[in-house]
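This report refers to the structure that appears directly beneath it.
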Amino acid sequence: MKARIITSTVYVLAVVALCAGKWLIPGGYGALLFDALFCAIAAIGAFELIRALGTVSLLQRAVTITFCALSAPMYALMSMLGGDGWTGLAGCLAAGAVVVCILFVADHSRSDLKSTLSSLFVIVYVGLLTGLMGAINHLENNSMLAILFLFVSVPFADAGAFLIGISLGKVATLTLAPAVSPNKTVIGFFGGLIGGMGGAVAAYYVFVALGGQPAFSTALPGWAFSLIVGCAAALATQFGDLFESAIKRSVGIKDMGRLLPGHGGVLDRFDGTLFAGIVILLSFVFAA
């Protein structure tokens with residue numbers, strides 16, 4: 001527990017520093033700090049997942065990690081050059097997939113079908129979803145608020161699920177997905193929803209208190225929009241956690257890594273964030 005608290009404290013301080021940089025460094029260059037974080041998450045996460053799958057050839061491993069790491073930076077580069085960030089992201093991932101498939105033919109003795117399919121799975125799961133976080137970071141409107149939602153509502157959802165699950169799990173023992181994660185309870189799931197909504201509302205009011213000016217096309221008041229997005233992000237967060245639990249159960253491991261004491265690996269910490277990013281991106285695109 002002590003290691004988990006220390007790691008969580010470092011995480012909070014790092015996010016605060018990155019948010020300050022994004023807010024205060026002019027010309028949009030502060031956003032590059034988050035792009036660097038997403039690049040690191042993608043590279044380390046891809047490495048962890050490939051190691052867990054244990055079937056990817058050396059060449060396909062190098063290609064997969066490289067193109068996953070480039071996904072968010074390519075979105076940022078195209079956006080900052082005045083182009084279409086989505087073209088950069090799609091082009092990067094497509095190029096990685098093409099090279100992986102070429103190796104399936106050119107290096108077939110080592111890059112077999114299982115290795116190729118595993119590499120493509122990692123490109124989609126890690127590369128695409130970290131690329132979407134890069135898209136959040138470079139939204140034309142409300143990108144700072146969206147980043148706050150991503151990095152506040154997700155840990156609040158995790159904390160809510162954990163605290164409520166620990167407090168009431170022995171009374172309300174119904175499990176959420178026993179075949180995948182037998183320790184997660186339904187009551188903990190609802191605690192996660194409450195936590196995610198509370199985190200989103202808190203992020204919204206902190207943003208406004210610091211002088212931020214949300215620009216929404218929706219007629220909903222800011223707090224109501226925050227509740228809805230926070231609830232949806234919490235749902236996605238908990239699905240992401242279960243999704244990775246299913247992967248780990250399939251390959252017979254407890255954690256993806258040991259880089260973050262008390263949490264496991266990078267994917268153990270950011271699995272929910274990857275899926276919450278989809279919800280938050282769509283919410284802010286349609287609300288802009």
Side-chain angles (χ1 to χ4, degrees), residues 8-38 41 72 75-76 79-80 85 132-164 190-238 240 269-270 272-288:
S8 298
T9 301
V10 172
Y11 168 84
V12 170
L13 294 175
V15 169
V16 169
L18 291 172
C19 287
K22 178 176 171 63
W23 193 304
L24 298 174
I25 297 175
Y29 292 106
L32 296 178
L33 298 174
F34 271 108
D35 291 323
L37 173 64
F38 300 147
I41 291 172
Y75 187 99
S79 296
M80 297 186 75
L132 294 184
M133 292 198 292
I136 292 173
N137 191 34
H138 291 275
L139 283 169
E140 186 175 351
N141 298 308
N142 304 310
S143 69
M144 186 70 245
L145 181 57
I147 283 288
L148 285 174
F149 273 29
L150 184 65
F151 285 96
V152 175
S153 63
V154 170
F156 269 58
D158 287 337
F162 176 76
L163 293 174
I164 298 297
F190 285 107
L193 296 185
I194 294 170
M197 290 187 288
V201 172
Y204 172 78
Y205 281 111
V206 167
F207 178 72
V208 172
L210 292 174
Q213 297 180 346
F216 298 138
S217 60
T218 174
L220 288 172
W223 63 267
F225 175 78
S226 302
L227 281 175
I228 294 171
V229 177
C231 182
L235 282 169
T237 296
Q238 296 186 79
R269 181 64 192 84
F270 290 99
T273 309
L274 292 175
F275 281 89
I278 303 172
V279 171
I280 292 173
L281 177 62
L282 291 175
S283 299
F284 278 83
V285 166
F286 286 113

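Note: Phe284 CZ to Ile147 CD1 = 10.0 Å, rounded to the nearest 0.5 Å. Note that CG of Leu145 and CD1 of Ile136 are 11.5 Å apart. Values are rounded to the nearest 0.5 Å. Annotation: the span from Ser283 atom OG to Ile278 atom CD1 amounts to 11.5 Å, rounded to 0.5 Å. Put simply, CG on Asn137 and CG on Leu32 are 8.0 Å apart, with the number rounded to the nearest 0.5 Å.
Between Gly27 and Met80, the closest heavy-atom pair is O-CE, 4.4 Å. What you find for Gly134 and Ala72 is that their closest heavy atoms are CA-CB, 4.2 Å. For the pair Ala236 and Val279, the tightest heavy-atom approach, listed with the atom from each and the gap, is CB-CG2, 3.6 Å. For the pair Ile164 and Gly191, the tightest heavy-atom approach, listed with the atom from each and the gap, is CG1-CA, 3.7 Å. Gly192 and Ala234 get closest at one heavy-atom pair: O-CB, 3.5 Å. What you find for Ala203 and Phe149 is that their closest heavy atoms are CB-CD1, 3.9 Å.
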Test log, rule side chain to side chain contact (heavy atoms under 4.5 Å, CB included), inputs Val229 and Met197: CA-CA 7 Å; Val229 177; Met197 290 187 288; over 6 Å; no

Which is it for Gln238 and Leu193 under the side chain to side chain contact (heavy atoms under 4.5 Å, CB included) test, yes or no, and what are the steps along the way? CA-CA 9 Å; Gln238 296 186 79; Leu193 296 185; 4.0 Å; yes

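Ring planes of Phe151 and Phe38: parallel class, angle under 30° (limits at 30 and 60°).
By the 4.5 Å heavy-atom criterion applied to side chains, Leu139 and Leu281 are counted as neighbours. Side-chain atoms of Ser8 and Arg269, non-hydrogen and from C-beta on, never get closer than 4.5 Å to each other. Residues Pro214 and Val208 have side chains in contact (heavy-atom distance under 4.5 Å, counting atoms from C-beta outward). The side-chain heavy atoms of Ile280 and Ser153, taken from C-beta on, include a pair separated by under 4.5 Å. A 4.5 Å side-chain heavy-atom check between Phe275 and Thr237 finds every atom pair outside the cut-off. Considering only heavy atoms from C-beta on, Cys19 comes within 4.5 Å of Met144 through its side chain. Annotation: side chain of Lys22 is not in contact with side chain of Leu33 (no heavy-atom distance under 4.5 Å). Side-chain contact check for Trp23 versus Leu210: some heavy-atom pair is nearer than 4.5 Å.
With ring centers used as reference points, Phe225 lies 6.0 Å or more from Tyr204.
The number of heavy-atom neighbours closer than 6.0 Å to OH of Tyr11, taken from other residues, nucleotides and ligands shown, is above 12.
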